Amino acid sequence: MINTVTILPAAKNDLRSFVEKTSGQKLLRCYQCGKCTAGCPTAYLWDLTPRQVMRAVQLGLKEELMRTHSYWLCVFCQTCSARCPQEIDIAAVMDSLRHLAILEKRAPAEKEVALFHRHFLRLVHRFGKVWEVGLGGLYNLTSGHPLANTSLLPAMFARGKLPLLPHTTHNMEEIRNIFKRAEELERKSAGPETGRKA
Amino acid sequence: MPRVGVFLCHCGTNIAGVVDIPTVAEAVKQFPGVVYVDDNKFSCSEPGQAAIRQSIIDNGLDRVVISACSPRMHEITFRKAVSAAGLNPYLMEIANIREHCSWVHSDNKEAATEKAIELVKMAVAKVSLHQELFRKRISMEKKALVIGGGIAGIQAALDIANAGHQVILVEREPTIGGRMAQLDKTFPTLDCSACILSPKMVDVSQHPNIRLLTYSEVEKVQGFVGNFEVEIRQRARYVNHTTCTGCGICWQKCPEKVPGEFEEGTGQRTSVYIPFPQAVPSKPVIDTVSCRYFKYLDFIDKKMEGKKPPPCRICEKLCPPQAIDWEQKDEIIRETVGAIVVATGFKTFDHSVYGEYGGGRIPDVITSLQLERLMNASGPTLGEVVRPSDGTHPKTVVFLSCVGSRDEAKGRPYCSKICCMYMAKQALMLKEHDPGVQSYIFYIDIRAGGKDFEEFTRRAQEEFGVLYLRGRVSKIYQDDKKLMVCGEDSLIGRPVEIAADMVVLATGVEPSEGAAKVAQTLNISYDTYGFMVEAHPKLRPVETNTDGILVAGACVGPRDIPDSVAHGGAAAAKVIGLLSQDTLTTEPLTAAIDASRCTGCLLCSQICPFQAIDMVPANGKSIAVVNEGLCKGCGLCVAACRSTAPSLKGYTDAQILSEVLALCP
Amino acid sequence: MAVSYAYYPGCTLKTSAREFDESTLKVCKAAGIELTELADWNCCGASSAHSVSPLLGLSLPARDLQTAEALGKPVAVACAMCFHRLKHASHALGDAAKLKQVNQVLGKEFRNTVKVEHLLTILGSNGSSYQVTKKLEGLKAASYYGCVLVRPKEVMELDDEDNPQLMDRIVASLGAETVEWDFKTECCGASLPLSKPEVVVNLSHKILRQARQRGAECVVVACPMCHSNLDIRQKAMKAAYPGFQEMPVYYFTQLMGLAMGFSAAEMHIDKHLTDGLSLLKSKGFI
């Protein structure tokens with residue numbers, strides 16, 4: 001259903017303030033040419049195209065935008081950023097949107113993508129390095145796709161590409177502190193723009 | 001028997017590569033009247049022309065055929081060459097054997113040669129019947145008339161006057177300055193409009209070569225380039241401008257107040273008034289419609305019933321130099337001018353036809369020109385932007401572009417060109433006036449094709465936070481004290497609604513009231529909308545189809561200030577070029593009317609596109625006479641006349657027939 | 001003169017991209033480039049850390065950079081993604097406020113003075129001297145750089161964003177022929193293989209198809225993620241796109257090794273899921 005959108009003055013556009021602050025990009029520079037969408041390898045899957053995501057931020061359509069699959073489907077190839085005639089780092093804007101969704105503990109529209117990132121970081125947090133067998137296993141167990149990619153496993157194992165045990169970083173205390181302090185600092189500096197409003 | 005000389009040009013290999021010149025020369029010798037034939041590699045070259053000159057003299061030639069390229073290319077060149085040999089230049093004819101022959105028949109040389117022979121044969125037959133024709137000289141009145149005292153007219157008048165010519169500048173309003181005088185700032189530099197305009201207005205009033213006639217209109221124009229007879233009506237001002245000192249007591253004390261035209265209705269003026277403080281001339285006029293004394297006189301005159309209005313006359317009582325003159329009458333001023341510049345400018349579209357935007361009934365839906373007045377420090381609110389309804393400061397302002405532009409349904413399919421830029425400027429200025437203002441602009445396209453224009457619209461968005469929404473607004477309705485604006489953001493594809501405090505309609509550009517009438521008075525073309533039509537939209541952008549009448553500024557189409565200034569200057573340059581000549585030479589290839597055959601049916605006079613045929617009384621009837629100053633020799637009258645009274649010099653029936661007969665004896 | 005680097009292999013070079021690691025080490029050694037593995041390195045955060053937390057995305061690579069800084073050695077990186085994250089961090093931390101924040105997170109002082117270089121630059125620069133003993137004549141290769149290696153240009157400081165040449169020059173120096181093609185930096189699907197394998201198959205297939213169309217017999221890469229997407233998904237591509245012909249995908253270091261006289265086994269050509277041996281055999285290189 002298409003709802004009529006009430007356009008608020010820029011001063012009340014918390015979404016834009018947050019994105020501009022965290023990405024360092026000036027969103028009003030975007031003049032909606034669509035070159036980002038045109039070059040995006042995954043845009044064909046996005047519900048709001050990259051250009052429309054930029055527009056939604058300009059208009060402050062936070063709830064609508066946060067619900068989309070779009071920014072979760074960005075693979076950060078940065079083609080958009082490289083080609084933007086207004087020199088906006090659009091990929092950085094997508095990062096900001098993911099970050100916002102996580103800060104606000106929103107259920108991601110692309111739960112598999114979010115799950116992948118979560119497991120990936122969980123492993124880095126645990127071992128300091130990525131453990132591919134563990135990542136695949138965790139993902140398959142939690143994503144509801146228990147057999148995902150398993151057809152590749154025999155060949156991978158046979159070629160010694162998937163060691164069963166994780167490599168680890170020795171000074172794990174340091175790694176865990178990094179995770180802990182980064183999260184604390186980010187929550188602290190998140191500012192009033194974040195948070196879900198009724 | 002005439003003595004015809006034929007000169008065959010090779011044009012390098014352009015002609016000679018296809019047409020066999022010796023064969024042509026041999027054939028041509030046999031044509032009746034031909035006494036001399038010569039050929040040359042390049043007849044247009046200096047040695048080629050010299051050979052033509054010498055042969056005419058040596059052989060006593062009295063008719064010449066040049067067999068070469070198109071007359072469009074070198075007719076003038078060869079007329080000069082013939083003339084240099086002492087022959088009348090119109091005793092020469094060109095046979096075009098290049099464009100009409102060698103270039104188009106290069107695949108068949110024999111046939112091309114044959115065709116070339118026939119083309120020369122026709123030319124020989126025709127030239128034998130040529131008569132000597134003489135150019136006429138007409139006098140040039142070294143004075144120009146400029147109609148319209150907006151920025152384009154001001155520029156044209158100043159440029160012409162500075163070149164040393166007399167200028168009469170006619171303006172309908174009580175002051176010059178036009179639309180530009182109403183504006184607050186100008187895009188994209190944000191110069192104060194009045195600050196850059198008023199020095200030019202003062203220059204006009206003080207220029208020894210400019211006669212300024214405000215409150216005046218051109219009523220009648222006759223004649224032709226160099227000699228236009230003009231009648232101008234100077235409307236009665238009821239103030240003697242010779243004695244008036246412009247002290248201002250009258251307009252300060254006048255008790256009657258009406259909405260001011262100059263303020264676009266956002267403020268009031270008195271009945272005796274100058275439109276704005278920097279007006280030129282800075283002397284008032286009395287508006288007879290609202291003046292109490294005129295109402296009183298009217299009441300007495302018409303023996304009306306009811307309460308008698310007071311015979312006010314306060315202005316008269318207070319005027320120190322006693323300049324109020326109730327007896328003043330309209331005055332007709334007659335002038336002769338050599339050239340005329342039309343710069344009647346534009347007005348803005350009347351948005352009352354947009355019922356969906358309130359049709360003019362919602363007080364806080366205003367026009368862009370009204371906003372200019374509200375933003376202007378010398379405007380009715382002294383520069384404070386307030387809502388007409390309650391005088392509060394609007395915080396959310398929505399602009400609607402293309403109101404009366406790009407709208408087929410409203411009969412205005414064209415783009416008004418200036419709105420995108422003035423909206424960006426106004427939205428930006430609103431933020432400068434009050435940082436708490438948020439502006440929105442609904443647009444179809446942002447048309448910012450001018451120097452520094454795109455950068456300006458970007459600045460409005462990026463630095464001043466003006467939010468552009470791509471889409472047309474469908475409706476504006478009042479919701480308590482707010483104006484609800486319903487549109488679409490077509491970029492994201494959602495209907496949007498904005499609760500605004502004020503809505504500004506970017507009303508489009510259309511020709512001034514009465515522009516079509518001016519065009520009719522001057523006999524120049526205008527389009528469906530009333531915009532003046534240029535002689536050529538690209539190559540003759542300031543000329544009209546009537547010699548000596550030029551156009552400048554927004555009367556031709558939507559134009560911004562720099563374009564209008566450039567256009568005014570361009571029109572002035574054309575005028576200066578004309579006025580720098582003492583006399584004008586006319587082409588003798590005009591129509592002539594045989595009075596004995598003319599029945600006075602008026603058909604020729606009606607169809608003549610140049611208004612070159614006048615009807616004059618002769619022997620108790622009206623007969624047609626061609627004004628050679630205006631006739632372009634198009635031949636329409638010749639074709640139209642049922643009694644074959646007109647003929648075209650140089651192209652008489654006998655001459656055309658001789659060509660036909662030469663071809664098919 | 002041997003040039004000495006702190007070598008940052010990255011997680012996958014120890015697991016699924018072992019052949020990249022081993023070929024890199026052998027080639028560099030033979031070329032006189034000294035690589036010492038960075039002590040106790042950690043994951044750069046790859047595509048996940050910055051997606052979730054910008055600060056974490058800067059802090060993880062900063063820890064590695066700090067270790068190298070303490071050593072006083074420039075960092076050599078093989079993996080394109082790791083290179084991207086390390087370069088990005090070092091660029092972003094040019095901002096003093098961010099650097100301060102990151103130092104708070106690290107709990108030690110990082111001054112951001114360390115230089116990060118990719119092996120393409122190190123091996124492709126004029127200073128490197130590898131000896132080609134067995135020219136790969138007649139091999140037609142498409143150099144594929146992927147996205148993160150070159151973008152953004154002003155941060156990666158590696159090569160052109162749309163038509164990079166570094167790898168092409170190296171491949172050409174081995175005697176092989178590089179093809180002109182348009183997909184050098186198009187995206188292969190990046191980190192989506194687990195969550196959206198069909199997207200990876202689609203995008204990677206487009207890349208391989210263009211390479212084939214432009215006359216390439218193999219694709220050469222410098223990124224384990226690209227390699228994985230292009231190499232292990234070819235069976236799925238065949239299923240999804242009838243008529244698709246498999247095409248071997250090599251790390252540029254593997255081809256270098258072969259040309260420098262190493263055996264196919266030493267270069268672990270057999271570790272790919274898409275057969276890389278037959279082509280080399282048919283050309284008589286092994």
Side-chain angles (χ1 to χ4, degrees), chain A residues 22 41-42 45 73-79 81-83 89 94-96 98-99 102 110 112-118 120-121 123-124 127-133 135-136 139 143 148-149 151-152 155-156 159-163 167 169-171 174-175 177-179 181-183 185-186 189, chain C residues 11-12 14-18 40-43 45-60 62-63 101-102 104-108 146-148 150-153 161-162 185-197 199 203 206 232-233 235-236 268 270-273:
Chain A
T22 52
T42 61
L45 296 167
L73 292 167
C74 164
V75 294
F76 210 75
C77 71
Q78 300 169 95
T79 306
S81 306
R83 295 180 187 164
D89 187 349
M94 300 304 158
D95 256 3
S96 286
R98 284 187 287 260
H99 182 43
I102 286 162
E110 282 290 334
E112 287 91 347
V113 175
L115 205 59
F116 169 80
H117 291 316
R118 184 151 17 112
F120 187 100
L121 292 175
L123 289 167
V124 177
F127 303 113
K129 289 173 186 162
V130 171
W131 173 37
E132 284 160 308
V133 173
L135 180 59
Y139 176 81
S143 65
N149 295 296
S151 62
L152 294 165
M156 301 280 280
R159 285 164 178 77
K161 283 185 164 253
L162 294 177
H167 295 258
T169 302
H170 302 299
N171 194 342
E174 227 173 81
I175 300 292
N177 276 333
I178 287 175
F179 273 81
R181 293 195 202 110
E183 198 190 338
L185 259 180
E186 238 155 26
S189 64
Chain C
C11 307
T12 53
K14 294 297 169 190
T15 58
S16 57
R18 264 177 58 203
D40 204 33
W41 55 269
N42 56 268
C43 170
S47 62
S48 294
H50 70 88
S51 287
V52 169
S53 151
L55 191 52
L56 187 64
L58 291 176
S59 303
L60 286 172
R63 179 180 175 273
Q101 253 194 336
V102 163
Q104 253 178 292
V105 173
L106 292 181
K108 46 185 162 185
C147 341
V148 292
V150 288
R151 279 196 284 263
K153 189 180 173 187
E161 282 173 325
D162 291 298
T185 61
E186 290 299 307
C187 175
C188 65
S191 58
L192 289 177
L194 271 185
S195 47
K196 297 237 162 245
V199 176
L203 299 178
K206 283 185 187 166
I232 71 176
R233 303 279 161 185
K235 284 224 156 46
H268 300 280
D270 57 341
K271 293 283 185 260
H272 302 331
L273 264 67

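We name chains A, B, ... by the order of the sequence lines, and we start the count at 1 in each one. What you see is a predicted model; the values in this text were computed from it and never measured.
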- Given that the side chain runs from C-beta out, which part of C:Lys235 has a heavy atom under 4.5 Å from chain A: side chain, backbone, both or neither? neither
- Please look at C:Leu56 and chain A and tell me whether the side chain, the backbone, both or neither of the residue comes under 4.5 angstrom of a heavy atom of that chain. both
- C:Arg151: what forms a side chain to side chain donor-acceptor pair (under 3.5 Å) with it, not counting sequence neighbours? A:Thr79
- Item | Region of A:Asp95 in contact with chain C, defined by heavy-atom distances below 4.5 Å | both
- Task: Heavy-atom distances under 4.5 Å only: say whether A:Phe76 touches chain C with side chain, backbone, both or neither.
- Result: both
- Largest heavy-atom contact set with chain C, pairs under 4.5 Å, which of A:Glu112, A:His99, A:Glu110: A:His99
- Query: So what's closer than 4.5 Å to chain C heavy atoms on A:Ile102: side chain, backbone, both or neither?
  - Reply: side chain
- For the atom pair CD1 (A:Ile175) and OG1 (A:Thr169), what is the distance rounded to the nearest 0.5 Å? 5.0 Å
- Task: Mark yes or no for whether C:Thr185, through its side chain, and C:Glu161, through its backbone, hold a donor-acceptor pair below 3.5 Å.
- Result: yes
- Proximity breakdown for C:Asp270 and chain A, heavy-atom pairs closer than 4.5 Å: backbone
- Query: If we only count heavy atoms from C-beta on, is the A:Val133 to C:Thr15 side-chain gap below 4.5 Å?
  - Reply: no
- Query: With chain C, which of A:Arg83, A:Met94, A:His170, A:Glu183 has the greatest number of heavy-atom pairs at distances under 4.5 Å?
  - Reply: A:His170
- Query: Mind checking whether C:Asn42 and C:Leu60 have side chains closer than 4.5 Å, heavy atoms only?
  - Reply: yes
- Do A:Val75 and C:Cys187 touch side chain to side chain, with heavy atoms closer than 4.5 Å? yes
- Note on the structure: Under 4.5 Å to a heavy atom of chain A? For C:Cys43 that would be both
- Query: Of the backbone (N, CA, C, O) and the side chain (C-beta and beyond), which part of A:Leu45 lies under 4.5 Å from a heavy atom of chain C, both, or neither?
  - Reply: side chain
- Task: Tell me, for A:Val113 versus chain C, whether the close heavy atoms (under 4.5 Å) come from the side chain, the backbone, both or neither.
- Result: both
- 4.5 Å side-chain heavy-atom contact, A:Leu73 and C:Val199: no
- Query: With sequence neighbours left out, what residues match A:Arg159 under side chain to side chain contact (heavy atoms under 4.5 Å, CB included)?
  - Reply: A:Ala155, A:Lys161, C:Lys271, C:Leu273
- Message: Taking side chain as everything from C-beta outward and backbone as N, CA, C, O, which of these in A:Phe127 sits under 4.5 Å from a heavy atom of chain C? Side chain, backbone, both or neither.
- Response: neither
- C:Glu186, part contacting chain A, at a heavy-atom distance under 4.5 Å: side chain
- Message: Check whether A:Asn177 reaches the backbone of C:Gly107 with its side chain - one donor and one acceptor, N or O, closer than 3.5 Å.
- Response: no
- Message: Quick check for you: among A:Ser189, A:Ala148, A:Ser81, A:Gly160, which has the greatest number of heavy-atom pairs under 4.5 Å with chain C?
- Response: A:Gly160
- Okay, A:Glu132 and chain C: the region with an atom under 4.5 Å from a heavy atom over there is side chain
- Query: Any sub-3.5 Å donor-acceptor pair from C:Arg63's side-chain atoms to A:Ile178's backbone N or O?
  - Reply: no
- Query: Between C:Pro54, C:Gly45, C:Cys11, which shows the greatest number of heavy-atom pairs under 4.5 Å with chain A?
  - Reply: C:Pro54
- Message: Using 30° and 60° as the class boundaries, would you call the ring planes of A:Phe120 and A:Phe116 parallel, tilted or perpendicular?
- Response: tilted
- Query: With only heavy atoms counted, which part of C:Lys196 is less than 4.5 Å from chain A, the side chain, the backbone, both or neither?
  - Reply: side chain
- Sort out for me which of C:Gly146, C:Ser59, C:Ala49 touches chain A most, counting heavy-atom pairs under 4.5 Å. C:Ala49
